Structures are given as structure tokens and as C-alpha cells.
Amino acid sequence: MNKEENFNRSPYLEDHKTDPVKWNVWGDDLFEKSRKEDKPLFITIGYSTCHWCHVMQRESFRDEEVSKILNEDYIPVVVDREERPDVDSFYMNVSQVMNGSGGWPLNVIAMPDGRPFQVFTYLPARDSDSNGGMVGILNAISQIWKNERGRIIEATDQVSSIILSPDKEMEGEIRFEDSVETLQSMYDRKNGGFGEQPKFPNFPYLLFLMNYMHAKRTKNLSYIIEKTLKNMRNGGIYDQVGHGLHRYSTDSEWKLPHFEKMLYDQALAIQTFTQFYRFTGDNGFLEVAGEIVDFADREMRNSDGLYASGLDADFNGNEGEYYTWTEKELEENFDPQTRKQIEESYYFDRDAENRIVFRRRELFNVSKEKIKALRELNLVILEARNKRGIPKKDDKAILSWNCMILSAELAFSISSSKRHFKEIIETSRKVIESFSKGDSLYRTVRNGRKGVDGLLEDYAYYSALMLDLYEDTGDKKFLSEAIEKINSAREKFFDTKDGGFFTSGEGMYKSISRNKDRLDIIYPSGESILYVVLEKLYMATGVEEYRDFSESILHSRRNEMIRNPLSSVYLLSALLFRGKQMKIETPEIFREQFLSYLGKTFLPEVLLTPGIDNIQVCDDKSCQFTSKEINDALEFISHK
């Protein structure tokens, strides 16, 4: 790709193309350029829907003095963190070590080989009270680079020795109960959710608690999940009018959100609400999942049928303006009767600009008539809101996130009489066509143009979707597709020395350490998803090699799971069913009946595969049940 095409890969990169800073897009050639020109790298990492990234761009990267310093004394580099989470993860880890915190925009000043010695997040262009802002820091480091470089080399070596030091072997064992107790202590009994402000949805925690209760045959922790999901749905973090979840709540009561909407949050919300419906039988949770499915299909699809990455928090330069109202706007847009309905249906919370954020008054158990009236009211409000325009969309399609939401929508579809099922299959085929190149995958597609090579999480989520499609359709082509891509992932990402899987391929960048992104907090890591895929492939095929590679993941992550098990909470969830997986082999004539049953029953350990003559129920070693009668099979499964 030429330089112009590199910037067109994502809206975030494209937006920086017009800055007076002469940006470079991340690549190995930068390190050579930095060495030749004898200048440090200045790397800024952000994403299109990031509010403070926009602020820093306006204040600093379009400032004449800041731009002059960056162009003359540094090699300026811009990175879209969603396109290159491997680069982001490496430098975010550095920020956590050096500063004890991180965030975006993440700004890094590094040696020509990519090793960092200064990391900071948002700064104004100028700041007379502390460090001088961007101008002060950039000028100071430039002078030290030219006149006292030994100080920088010493600082870089100290940081590198910490970041690259080998992990010490931990004593002890992985105990599920420790994580349950930690979550119970973190649980906000008043408002639901975990911890204080800012409060994130933390869907992987909720899925873990469901899996734990299922494995232990209890429902004693259901109150945590129920209160959290209901309070999120009724809170300001949920778009009460157009549906879908905002990124997080700025307060502990779910009232005032940070307004960006990310595709992966919608995917995890659909999955969690659907699974809790299966766990409880409460149809209200499935209805919420359906609302989010409708929102994602309406507002987050691109014209090519793929899903965009996110919707911007900012509108007309102000965060949240699209979603909020002033008293005057309510008077101008709605007649007195409609305003009365709005006031009766919603609490009015106010943001920092005194704009109104809606929060639902009613809890879940309301009459069908009230629900119908509220939906009709929301259509009126949404029509008025859309006259403003719409928030900016980050229209690059990310493979892992597209697969994540399609898997979630499949689960919802199976639980709702196959609603949207054909459309999901059609979009999944579009994903296969758009992101594949032989046995390899691209990570991003935008406007029909393929972007960077796929990362581990792209191969993992893609293969997980293929297995979901195999289960739900019985089409062995999807199984073959999963096997092909997993075999390719092993070649590209497996760590032959220490086990486990790297985030990126060996050739993607050579000058800094290849890292292993294993955090399951925001959404499950590629390696955790890969573990589940490998276990399913072992169950589906009986090939021992898949079990060997899943064992390698466990062995390489043992220390982390003992030290901080909740950081690997999705992998922890999967471990609850290790050795307890169940494979149902069904003749095609019974597939729909099994899918109907599984759509209403919480059975995360079950894999449904095609059979020939008889129904068989097997574990990972042998089959315990065989019959031609589906009722007998369902009776057997329900007592397993």
C-alpha cells in the first residue's frame, strides 16, 4: 500500500491525514527511518470514537508550535489501537508499569528500536502550572536526546528490564471459589455492577458467575447478575430511545454514561442477556437482547453488510449532545401530551452541561400495554432525535468484532425461534468472503479494501463463529473452515519456546517484544477464545493435537491465573467444564428440536454435531447414551 492508502484504512488514521504533523503509519520501516535520521519516535495511539483523542488532536496535533517540534525533532507515528491492539497492548503495559495507569490517547516517546522511555496520556498543548504541556515535554526531551542521551538510554534499559523480565513461577493452585469471593466483595449491592465509578458492564464477570452456578448446580448468585443487568437496562448507560449500550457509566448508579457505543459491547450484551434468559427462563432478558440486536443491525451496519466498529461519543463537537436534551429542545420537538408521557416514562438526570439524560422509571415486570406504549413513544423521540443527524461512525469492519456479534446474534436467534437466522448466515458468508485470503485472514476491511493482517483474536473469534455455524446448521463446510484457520493460527502465533500464543505474527513487527494479550476484562482475549475453540475441535474430531494445544495455553497462563484469576475470567469460565463437556450427535431430522431445547436451556458445555442413524450423547472419552428417540435423549441430557 502507498502512504495514502495506509491512512484510508480507518477513520482515525484518515482524520489525522490533514494534521500539520507529518504522521507516519505504524510499520517496521519506521525503525530504520528513526535510526537514519537519529530521532526518537513519537507514537500516539487512539481510536476514532475516543473523546480525548479528538481533544488532543485539536489542541496539540493541529497546533503550529507542537507540529513544528514533532516534525523537526521526532519521527511522528499514529496508531489506530483497534487496528493494532498488539502495539497498543505492549505500550499500555509499559504505561501501567511506569505510571500505574493508562488510557487513550496513549502517547509514547521511544528509542529508534521501539523501546519506550516516556509514556503519558492526554496533555494540553501548553500548561504553565506543571510540566509545560506538550510543548514543554517535547522540547525538554529533544534537548536531552541531543545533549545527554546517556540519561535516556539508562531510563530505557531500566524500563525494558522490567517489561521483558521472565515471569516467576507461582505456588498454589487455581481456585474458582477465590474469584467468586472477590466478585462478591466487589459487588455494588445498592446499584448492581462491580466497583465504584467509572462503572463498566463487565460482562465476562457475569458470564463466569452463570457458568460457576451451573457447574455447581446452584442459583445462589443469580441476584448479582439480575440486579446488574436490570439496572444497566434501566440506566443512562443504556440508550433508552434507540437502544444499545454506551461504553461505561461515569458514576456508580449507571446514570450518566460516556456516550461512545462500541460493537463489542453490543455483542457481549446480546450474549449475556440471552444466556441469562436461558439460565432463568425470564423472557424479559431475551427482549433486551432483541432490542440490542435491532439497534446493531439498524445503526452499526455498513452499506456492504459488515458491522462498523463504533459510534462516536461526540456530536457537533460536544460529548453526548446527540443523545441528550435541553428543556427548550423538549418543548420545541414535542407537544404537551408527548412531553407528559416522556416525564411519566423517564427520570431526568443531568450531565455536566445540564443536558437531560433519560433513565427508565419502570423496572422489568410491567404490563404488555405499557411496553407497547413505551415503544411507540420511543419511535416518536427517535424520529425527532434523528433530525439532528447521526453521530460519526467508525466504519472500518474489524474481523474479531464482526464474528463476536454474529455469534451473539446466533445465540439470540436460536433462543427466539430463529429470528433473523437466514440474515445472520448470509452476513457470516459475507465475512468469510471479505476477510479471507487462502488459509489466512485480514483484520480490517473498509470500503471494500482489505487492511492489516489478522491477529490471534481474529483467527480465534472467526473459528468460534465457524463452529457456532456448524452447530446451528450441521454444515460441515463450516467445521472445515474452522480447522483450516486454526491450523494457520498455530503456524503464525504459537510460542514454540514457552507455550501459549502470541497476539501477532512474527513478521508483523520485529523491533519490540511480541506480547501475549490475555486480559478477559473488556472482552475475552483471543487466547481464551482459542482455548474454547481447541476444546470444541477436540470434542468434534477426536484429534488429540487440539487438546495438546489447549493444554499448552493452560500451562503458559498458570502463573497469571493464580496471581490474578479474574484477569483471565473467560478462560476460568471454560475451565469449569474441563472434562465435563458433552457432545450430542444428532441425525438431521432432530436438529431443530435440539436447537429449540438448547435455545431455552443454559448448557454452555454442550456441542451439537451431525450424526447418522442414532442420537448419541458423549463426553471427551466415550458415549454414554444412544437412542432413536429424542424425548429419551432430552430426558438423559436434563439429568446429566
Side-chain angles (χ1 to χ4, degrees), residues 21 23-24 26-46 52 56 60-61 65-79 81 84-168 503-504 509-517:
V21 178
W23 293 111
N24 299 270
W26 180 271
D28 275 333
D29 57 329
L30 294 172
F31 303 123
E32 182 60 29
K33 183 177 182 179
S34 181
R35 278 189 288 268
K36 281 184 177 180
E37 297 186 21
D38 194 30
K39 297 177 182 178
L41 295 159
F42 176 86
I43 305 161
T44 188
I45 304 171
W52 287 104
M56 191 160 183
S60 290
F61 301 143
E65 185 178 10
V66 172
S67 301
K68 186 173 185 292
I69 299 169
L70 285 173
N71 291 335
E72 292 181 357
D73 295 341
Y74 296 85
I75 303 297
V77 185
V78 60
V79 177
R81 71 172 289 260
R84 295 302 302 264
D86 52 331
V87 177
D88 174 61
S89 175
F90 176 81
Y91 287 120
M92 186 60 71
N93 186 35
V94 173
S95 181
Q96 295 287 349
V97 169
M98 292 179 68
N99 305 326
S101 63
W104 299 278
L106 183 65
N107 300 290
V108 181
I109 304 179
M111 298 292 285
D113 61 4
R115 291 181 301 144
F117 57 86
Q118 179 69 266
V119 185
F120 54 93
T121 53
Y122 164 80
L123 280 180
R126 295 162 191 84
D127 186 352
S128 58
D129 295 332
S130 55
N131 51 29
M134 280 287 287
V135 170
I137 282 182
L138 292 175
N139 277 329
I141 289 176
S142 178
Q143 289 303 308
I144 297 171
W145 179 264
K146 293 170 182 175
N147 302 316
E148 301 177 78
R149 194 173 302 182
R151 289 171 57 190
I152 289 177
I153 293 172
E154 183 180 2
T156 303
D157 289 343
Q158 287 177 347
V159 173
S160 298
S161 67
I162 297 170
I163 298 299
L164 304 178
S165 60
D167 206 6
K168 294 181 181 179
T503 302
S504 58
Y509 58 97
K510 304 180 181 71
S511 300
I512 60 176
S513 173
R514 290 170 78 193
N515 63 314
K516 296 174 181 176
D517 185 12

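None of the values given here were measured: they were computed from a predicted structure.
In plain terms, the two heavy atoms of S101 and S95 that are nearest each other are O-OG, 2.6 Å. Listed here is the closest heavy atom pair of G114 and F31: CA-CE2, 3.6 Å. In terms of heavy-atom proximity, S160 sits nearest to R115 at OG-CD, 3.4 Å.
Legend: residues meeting side-chain hydrogen bond (donor to acceptor under 3.5 Å, both in side chains) with N93, ordered by chain and number and at least two apart, are absent. In terms of the side chain to side chain contact (heavy atoms under 4.5 Å, CB included) criterion, residue partners of S60 (sequence neighbours excluded) are, by chain and number, M56, V66, A125, M134. For D517, there are no salt bridge (Lys or Arg N to Asp or Glu O under 4.0 Å) partners, not counting sequence neighbours. Under the rule for a side-chain hydrogen bond (donor to acceptor under 3.5 Å, both in side chains), the partners of E65 that lie at least two apart in sequence or sit in another chain are R126. Listed by chain and number, the residues in a ring pair (Phe, Tyr, Trp, His ring centres under 6.0 Å) with Y74 amount to none (sequence neighbours excluded). For N71, the side chain to side chain contact (heavy atoms under 4.5 Å, CB included) partners two or more places apart in sequence, or in a different chain, are V21, K22, S67, P76. Partners of W145 by ring pair (Phe, Tyr, Trp, His ring centres under 6.0 Å), not counting sequence neighbours: none found. Looking at residues two or more places apart in sequence or on another chain, you find no salt bridge (Lys or Arg N to Asp or Glu O under 4.0 Å) involving E154. For Q143, the side-chain hydrogen bond (donor to acceptor under 3.5 Å, both in side chains) test picks out N147, with sequence neighbours left out. Judged as a side chain to side chain contact (heavy atoms under 4.5 Å, CB included), and not counting sequence neighbours, the contacts of E148 are I144, R151.
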For the pair V159 and V97, evaluate side chain to side chain contact (heavy atoms under 4.5 Å, CB included) and give the outcome as yes or no after the intermediate values. CA-CA 8 Å; V159 173; V97 169; 5.8 Å; no
Side chain to side chain contact (heavy atoms under 4.5 Å, CB included) assessment of L41 paired with V108: CA-CA 8 Å; L41 295 159; V108 181; over 6 Å; no
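One distance of note links CD1 of I137 with CG of N107; it measures 9.0 Å at 0.5 Å rounding. One distance of note links CH2 of W104 with OG1 of T44; it measures 12.5 Å at 0.5 Å rounding. Here the NZ atom belonging to K516 is positioned 14.5 Å from the CG atom belonging to D86, to the nearest 0.5 angstrom. In this structure, CD1 on I109 lies 13.0 Å from CD1 on I75, to the nearest 0.5 angstrom. With rounding to the nearest 0.5 angstrom, the OG1 atom of T156 is 10.5 Å from the CD atom of Q118.
The aromatic rings of W23 and F61 lie perpendicular to each other, with more than 60° between the two planes, well past the 30° mark.
Counting heavy atoms from C-beta on, the side chains of M92 and N515 never come closer than 4.5 Å. The closest side-chain heavy-atom distance from I153 to M111 is below 4.5 Å. Contact annotation: the side chain of F90 never approaches that of T503 to less than 4.5 Å [non-hydrogen atoms, C-beta and beyond]. Residues V79 and Y91 form no side-chain contact, since every pair of their non-hydrogen atoms from C-beta on lies 4.5 Å or further apart.
At distances below 3.5 Å, at least one donor-acceptor pair connects side-chain atoms of S34 with backbone N or O atoms of K39. Using modelled atom types, no side-chain atom of S142 and backbone atom of L138 make a donor-acceptor pair closer than 3.5 Å. The backbone N or O of V119 lies less than 3.5 Å from a partner atom in the side chain of N99, making a donor-acceptor pair.
The stretch residues 133-147 participates, sequence neighbours left out, in these salt bridge (charged side-chain N to carboxylate O under 4.0 Å, His left out) pairs: D73-K146. For residues 90-111, the set of pairs meeting the salt bridge (charged side-chain N to carboxylate O under 4.0 Å, His left out) definition, not counting sequence neighbours, is empty.
Each of D88, I43, V94, V87 was evaluated against L106; a single residue qualifies, D88, per the side chain to side chain contact (heavy atoms under 4.5 Å, CB included) test.
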